[in-house]
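Reading through the structure tokens given below for one structure.
For the single chain, residues carry numbers from 1 onward in sequence order.
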Amino acid sequence: MFLSVDAGNTKVTFGFFERDVIRHVESVTCPANTKSSDIEVLLKEHFSDFKVENCMIASVVDELTENLKTVISEFFSVTPLVLSHKLNYGINFKSEHPEKYGADRVANVHAAAKLYKQRPLIVIDSGSATTFEVIDKNGDFAGGLIMPGMELQLKVLGEKTSKLPSLNLRSVPKDINIISNDTEEAIYAGVVVAHAQSVQGLLNLCEQKLSEKAFVVGTGGNINLVNKFMNERKIDVINPALTLEGIKMIYELNKLNVCS
């Protein structure tokens, strides 16, 4: 099996592939300061029955990358490849500094460009942060934008105010009144609905810059919630495994050079 590892700011997601088919996906809480011994316990608890032949790690948490690489190498008896700017990304970046782009963003761009042929194309990834990646009509990565995610906004409100409650996205009401006399609902309106409307507005602005309508691909743990509260238009395709697929695709693109 091939193992794609997507290490984010709060969770690490493991995706196990048999050939090109993803068979198992699981996310575990794994903050930046997680020790190697704790990572090993997580692997033993969740993945003892999996046999891995190849692996790539895409990490946006430098403190975690080396520990993941070491423990995965020992646990699965493989040598993981880390996604970095030293590899062939498989797409032209209109940037003098592609090394500054997060590994998850690179994986999203690569996967979307290969899986979806419509141009221009915009990838929206909603997690700890919400990111936009824009592929122009020529198939080049033109750039993107980054905004705070909904969970981060809720956390800041709960921690930085004296009387507002700490809320989470697991308790979002099915319907949210924009004008509410309930404090919790008012917070969800100001975070969840406002975030979806911001995504919608930014999407419109991106399309104005592109001078044409784009094909929109959504991914990330919170993308369905964003899509639900977008009212002018909806995301064209939601692919929850986009990042994991991109990691595998970039590995395949580079494996001959890695193995030679």
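Residues Val199 and Ile124 have side chains in contact (heavy-atom distance under 4.5 Å, counting atoms from C-beta outward). Proximity of Asp104 to Thr131: side-chain heavy atoms (C-beta onward) are nowhere separated by under 4.5 Å. Taking the side chain as every heavy atom from C-beta outward, Pro240 and Val25 never approach each other to under 4.5 Å. Using a 4.5 Å cut-off on side-chain heavy atoms (C-beta onward), Ile223 and Ile235 make contact. Here the side chains of Leu203 and Glu232 are not in contact, with every heavy-atom distance at 4.5 Å or above. Ile39 places a side-chain heavy atom less than 4.5 Å from the side chain of Leu68. Annotation: side chain of Asp6 is in contact with side chain of Ile247 (closest heavy-atom distance under 4.5 Å). Looking only at side-chain heavy atoms (C-beta outward), Pro120 and Glu212 come within less than 4.5 Å of each other.
Connection of Phe76 to Val28 is established within a shared hydrophobic cluster, with ILVMFWY side chains joined at heavy-atom distances below 4.5 Å, either directly or through further cluster members. Both Val61 and Val5 belong to a single network of hydrophobic side chains, linked directly or stepwise wherever heavy atoms of I, L, V, M, F, W or Y lie under 4.5 Å apart. Hydrophobic clustering keeps Val41 apart from Phe75 (ILVMFWY residues linked when any side-chain heavy atoms are closer than 4.5 Å, directly or through intermediates). Note on Val106: it clusters hydrophobically with Tyr251, by side-chain heavy-atom contacts below 4.5 Å among ILVMFWY residues. Under the 4.5 Å side-chain contact rule for hydrophobic residues, Val193 and Leu154 share a cluster.
At least one donor-acceptor pair under 3.5 Å links the side chain of Asn239 to the backbone N or O of Leu242. Side-chain N or O atoms of Glu26 include none that pairs as donor or acceptor with a backbone N or O of Gly15 at under 3.5 Å. Side chain of Asn254 to main chain of Asn88: a donor-acceptor pair is present (N/O by atom type, distance under 3.5 Å, no hydrogens or angles). Checked by atom type and distance alone, the side chain of Thr34 pairs as donor or acceptor with a backbone atom of Pro31 at under 3.5 Å. Using a distance-only test at 3.5 Å, with no hydrogens or angles considered, no donor-acceptor pair links the side chain of Lys94 to the main chain of Asp136. Between the side chain of Arg170 and the backbone N or O of Leu167 there is no donor-acceptor pair closer than 3.5 Å. With hydrogens and angles disregarded, a donor-acceptor distance shorter than 3.5 Å links the side chain of Gln200 to the backbone of Asn231. Using modelled atom types, one side-chain atom of Asp182 and one backbone atom of Glu184 make a donor-acceptor pair closer than 3.5 Å. The backbone N or O of Ile22 lies less than 3.5 Å from no partner atom in the side chain of Lys248, so there is not a single donor-acceptor pair. Judged by distance alone, with hydrogens and angles left aside, the side-chain atoms of Lys234 form a donor-acceptor pair with the main-chain N or O of Lys228 at under 3.5 Å.
Atom NZ of Lys35 and atom SG of Cys30 lie 13.0 Å apart (nearest 0.5 Å). Atoms OG1 and CG, from Thr29 and Asp38 in turn, are 12.5 Å apart once rounded to the nearest 0.5 Å. Interatomic distance, Ser59 OG to Glu66 CD, rounded to the nearest 0.5 Å: 10.5 Å. To the nearest 0.5 angstrom, Ser73 atom OG is 9.0 Å from Ile57 atom CD1. Taken to the nearest 0.5 Å, the NZ atom of Lys137 stands 7.5 Å off from the OG atom of Ser211. Here the CD-CZ distance, from Glu133 to Arg105, works out to 4.0 Å after rounding to the nearest 0.5 Å.
Side-chain contact of Glu185 with Thr183: a donor-acceptor pair under 3.5 Å is absent, judged by distance alone. Under the 3.5 Å distance criterion, with hydrogens and angles disregarded, no donor-acceptor pair is assigned to the side chains of Gln197 and His195. No hydrogens or angles considered: a donor-acceptor pair under 3.5 Å links the side chains of Asn108 and Thr243. With no hydrogens or angles considered, no side-chain donor-acceptor pair links Glu151 and Asn168 at under 3.5 Å.
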Evaluation steps, side-chain contact (heavy atoms from CB on, under 4.5 Å), between Asp140 and Phe93 = CA-CA 6 Å; Asp140 298 330; Phe93 275 60; over 6 Å; no
Please test Arg233 against Glu207 for salt bridge (Lys or Arg N to Asp or Glu O under 4.0 Å), starting from the C-alpha separation and ending with a verdict.
-> CA-CA 13 Å; Arg233 63 177 296 182; Glu207 290 180 327; 2.6 Å; yes
Start with the C-alpha distance between Met1 and Glu53, add both sets of side-chain angles, then the distance that settles side-chain contact (heavy atoms from CB on, under 4.5 Å), and finish with yes or no.
-> CA-CA 6 Å; Met1 301 183 84; Glu53 297 172 347; over 6 Å; no
Output, in order, the C-alpha distance, side-chain angles, deciding distance and verdict of side-chain contact (heavy atoms from CB on, under 4.5 Å) for Phe132 and Leu202.
-> CA-CA 9 Å; Phe132 283 55; Leu202 290 167; 3.9 Å; yes
I would like to know whether Leu3 and Phe50 meet side-chain contact (heavy atoms from CB on, under 4.5 Å); could you show each step before the answer?
-> CA-CA 10 Å; Leu3 172 59; Phe50 290 86; over 6 Å; no
Does the salt bridge (Lys or Arg N to Asp or Glu O under 4.0 Å) test come out yes or no for Lys255 and Glu252, once each step is laid out?
-> CA-CA 5 Å; Lys255 69 179 180 179; Glu252 295 291 337; 2.9 Å; yes
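For Phe141 and Tyr101, the distance between ring centers is under 6.0 angstrom. Taking the six-membered ring for Trp and the full ring otherwise, Phe2 and Phe16 have centroids separated by 6.0 Å or more.
Cys55 and Val78 get closest at one heavy-atom pair: CB-CG2, 4.2 Å. In plain terms, the two heavy atoms of Ser27 and Lys11 that are nearest each other are CB-CD, 4.3 Å. The two atoms that bring Leu83 and Tyr89 nearest to each other are CD2-CE2, 3.8 Å, heavy atoms only. Minimum interatomic distance between Met150 and Asn222 (heavy atoms only, all atoms of both residues): CE-CB, 3.7 Å. Closest approach of Cys206 and Ile122 over heavy atoms only: CB-CD1, 3.8 Å. What you find for Tyr188 and Ser171 is that their closest heavy atoms are OH-CB, 3.5 Å.
Enclosure of atom CG in Asn138 by more than 12 non-hydrogen atoms of other residues, nucleotides or ligands within 6.0 angstrom is indicated. Within 6.0 Å of NZ in Lys209 there are 12 or fewer heavy atoms belonging to other residues, nucleotides or ligands. The environment of Lys100 atom NZ is sparse: at most 12 non-hydrogen atoms of other residues, nucleotides or ligands sit within 6.0 angstrom.
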